[in-house]
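Each ligand, and each atom within it, is numbered from 1 in the order the structure gives. Atoms considered below: every heavy atom in the structure, side chains included; atoms not considered: hydrogens, waters and symmetry mates.
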Amino acid sequence: MAGKRGALIVLEGVDKAGKTTQCHKLVQALQQSGRPAEMMRFPDRTTTIGQLIGAYLENRSELEDHTVHLLFSANRWELVPLMKRKLEQGTTLVVDRYAFSGVAFTSAKPAFSLDWCKQPDIGLPKPDLVMFLQLNPYEAALRGQFGKERYETGVFQGAVQEKFEQLMTDPSINWQVIDASQDIEDVHRGITEHSLKAMNAAQNLPLGEL
Ligand code: DGP
């Protein structure tokens, strides 16, 4: 019988909520306590598909909105074999954004339904835990200059936040809301607690599908 599987843990939230910092801190804390853990991030701009996405986000190229939605999803799918391998080997994956960003960002554009946006991600590995780093998008904008990337405007981020709130009503996902306006160490403590609980539970459950 194979060993215990790792957990799939996702951090979501609007831009500048602190997801990347917290992913690094969580991976470090888990590793230091002897639990195998690795970080992943989506979009993964290192693949061929990821480079197309990167050019689009940096406004170096234009892509039709449905097309880019499917590319973001394809970028997740192309990493699925690796994710499954790691999880089966007992490594917990801490993921900076996932399919929920995919749905929230595209459905915040005019004329995209939540339902259409969800379709390409159906069947992806289902996270054991999704933590939403809650921060007022206008407060987020004050944290640091929004950069020059596409989507980095207060108005768009406000629309994204609303879409996340709709997604968080889905009871089939283990959502936990974290107050990201607290200081870094307090946020980290909350995230670690939820993660340890989810990792314990995941050991006895098969990996699900979105
Ligand atoms: P990051 O590398 O985490 O800063 O994310 C890059 C930007 O892309 C950020 O504004 C969020 C957005 N984004 C992330 N995933 C998706 C997705 O699947 N679809 C769309 N449309 N946007 C996404």
* Neighbour list for ligand 1 [protein residues, heavy atom under 4.0 Å] ->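 Residues near ligand 1: Asp15, Arg41, Pro43, Arg45, Leu57, Phe72, Arg76, Arg97, Ser101, Gly102, Phe105, Thr106, Tyr151.
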* Are Phe112 and His66 an aromatic pair by the rule of ring centers under 6.0 Å? ->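 For Phe112 and His66, the ring centres are under 6.0 Å apart.
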* To do: Report the relative orientation of the aromatic rings in Phe100 and Trp175; use parallel for angles under 30°, tilted for 30 to 60°, perpendicular for over 60°.
  => perpendicular
* Asked: Parallel, tilted or perpendicular for Phe105 and Phe164, by the 30°/60° rule?
  -> perpendicular
* Could I get the full list of side chain to side chain contact (heavy atoms under 4.5 Å, CB included) partners for Thr47, not counting sequence neighbours? =>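 Asp44, Ile49, Asn75, Glu78, Leu79.
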* To do: Can you spot which of Thr92, Thr21, Val94 makes a side-chain contact (heavy atoms from CB on, under 4.5 Å) with Leu26?
  => Val94
* How about Ser172 and Asp170: does a side-chain donor come under 3.5 Å of a side-chain acceptor? -> yes
